[in-house]
Amino acid sequence: MDSATPAAPATERIPPCPRKRAAAEWAEDRERCRAAGIPDEVGFATEPEPAVAMLEEAVAAGVPFSWVLADSGYGRDPQVRAWCHDRSVPYVLGVPVDLPLDGPPGKPRHPAVKRADDLLHYARVRDQWERRPCGFGTKGERLYDWTAFAVEVKGEKPAEGSTHWMVLRRSPHPNRRGKDGKLHREIACFLVHAPNATTASEIITRAGGRRQIEEDNEINKQLDGFAQYQVRKWTPWHRHVTACMLATAFLAVQRAAFPEPEPESDSDPESSTPGKALTTTGSEATG
């Protein structure tokens with residue numbers, strides 16, 4: 001599904017309405033489109049165009065959201081960024097490492113900042129990384145190292161009273177093999193558009209929330225059969241996806257209204273570990 005995600009407060013996410021777009025080879029063959037039920041007014045669109053249309057619809061419908069979160073499929077294109085700049089909407093967008101920047105010209109032994117990955121040198125020199133969780137996985141919290149720089153994006157101005165930040169996310173351990181055959185820490189870049197008063201800590205928190213988009217999609221697939229459909233036409237696809245999203249929203253509301261009860265604590269410590277006596281070592285008994 002092609003989407004950009006409007007985000008409510010940091011702990012809440014609002015998925016957008018589903019929107020399918022026609023591929024270029026389909027858009028040129030209107031008979032094929034009609035056979036699949038695709039309306040004549042639906043033509044070829046780049047990936048960000050449906051995202052901008054969904055954001056416009058969200059604003060028109062009065063959907064409350066405070067930030068826009070999206071991956072690099074949207075972040076690499078200036079359309080979504082321009083829409084947010086024009087409306088003073090904060091965002092966190094994944095961006096490619098070659099995103100053009102207007103940075104300092106450089107000094108001896110310090111490279112000029114012309115693109116996002118040029119900041120890696122300054123990140124290593126400054127060495128001010130903040131380790132924060134980014135959601136939960138099968139092995140517990142997903143921890144990453146984060147650092148942020150105020151930047152100027154080439155040819156783009158932030159909204160009045162706002163600043164562009166480049167947030168770098170680094171894996172805590174080497175996990176990607178480079179061209180040299182060695183393992184290196186994976187680095188991801190996020191462009192942030194935020195009010196001037198926003199702290200670096202909040203910016204990192206918002207950037208970490210982008211991972212929740214993938215988690216929401218996985219939940220949809222596991223609970224509601226989001227990706228389990230066998231349809232060949234436009235309308236059945238939208239019906240299936242819309243029904244799945246409605247089911248997910250219902251389950252989220254029910255879980256919030258009826259949280260799972262806290263496990264009861266056993267007052268007898270011996271009963272919590274059957275067959276094993278409770279022992280206290282000398283170092284643990286501190287009087």
Side-chain angles (χ1 to χ4, degrees), residues 3-15 65-76 90-99 101 113 115-151 163-194 198-223 248 252 255-256 259-260 262-263:
S3 64
T5 300
T11 57
E12 302 176 9
R13 287 96 68 197
I14 305 172
F65 64 92
S66 55
W67 288 68
V68 171
L69 311 180
D71 59 25
S72 59
Y74 305 96
R76 71 173 62 250
Y91 62 68
V92 176
L93 304 176
V95 292
V97 297
D98 60 354
L99 181 75
L101 300 178
V113 177
R115 39 186 272 171
D117 56 356
D118 288 335
L119 292 169
L120 286 172
H121 169 81
Y122 294 93
R124 296 189 183 100
V125 171
R126 189 175 66 173
D127 196 26
Q128 293 179 357
W129 298 86
E130 188 173 329
R131 183 157 296 184
R132 283 176 169 263
C134 181
F136 288 85
T138 56
K139 299 181 180 180
E141 287 186 321
R142 295 188 179 95
L143 293 173
Y144 291 96
D145 296 330
W146 303 83
T147 191
F149 295 87
V151 297
T163 303
H164 279 132
W165 293 76
M166 185 62 64
V167 176
L168 304 182
R169 187 191 71 188
R170 183 182 69 180
S171 299
H173 308 289
N175 62 345
R176 172 157 294 190
R177 194 168 299 279
K179 295 181 180 179
D180 57 1
K182 299 179 180 179
L183 285 175
H184 300 273
R185 297 186 183 189
E186 184 179 12
I187 300 289
C189 300
F190 303 93
L191 181 65
V192 178
H193 176 248
T198 308
T199 63
S201 180
E202 182 180 355
I203 288 170
I204 292 173
T205 299
R206 295 289 182 175
R210 199 199 62 82
R211 172 67 189 178
Q212 295 168 341
I213 300 173
E214 286 83 3
E215 293 177 355
D216 288 344
N217 288 335
E218 288 301 317
I219 291 173
N220 284 335
K221 292 176 182 178
Q222 295 171 12
L223 296 182
T248 300
R255 182 167 184 176
E260 295 182 5
E262 293 290 335

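The figures that follow rest on heavy atoms only: side chains count, while hydrogens, waters and symmetry mates do not.
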query = Listed by chain and number, what are the side-chain hydrogen bond (donor to acceptor under 3.5 Å, both in side chains) partners of S72, not counting sequence neighbours?
reply = none
message = The criterion is side-chain contact (heavy atoms from CB on, under 4.5 Å); which residues satisfy it with L120, sequence neighbours excluded?
response = D117, R124, L168, I187
query = Between atom OG1 of T147 and atom CE of M166, what is the distance when rounded to the nearest 0.5 Å?
reply = 12.5 Å
Set of side-chain contact (heavy atoms from CB on, under 4.5 Å) partners for K182, sequence neighbours left out = D180, H184
message = If the condition is ring pair (Phe, Tyr, Trp, His ring centres under 6.0 Å), which residues does Y91 pass it with, not counting sequence neighbours?
response = H85, H193
ask   = Residues in side-chain hydrogen bond (donor to acceptor under 3.5 Å, both in side chains) with R132, at least two apart?
value = E130, S201, T205
key: side-chain contact (heavy atoms from CB on, under 4.5 Å) partners of T198, counting only residues at least two apart   = A194, P195, E202, I203
inquiry  = So, using salt bridge (Lys or Arg N to Asp or Glu O under 4.0 Å) as the criterion, who are the partners of R176 when residues are at least two apart?
reply    = E186
inquiry  = The criterion is side-chain contact (heavy atoms from CB on, under 4.5 Å); which residues satisfy it with R177, sequence neighbours excluded?
reply    = L183
note = Shortest non-hydrogen pair, A148 vs V167, comes out as CB-CG2, 4.1 Å
ask   = Which value, rounded to the nearest 0.5 Å, describes the distance between D118 atom CG and L99 atom CG?
value = 11.0 Å
Over 12 foreign heavy atoms within 6.0 Å of CZ, R255 = no
message = Please enumerate all residues that pass side-chain hydrogen bond (donor to acceptor under 3.5 Å, both in side chains) together with D127, with sequence neighbours excluded.
response = none
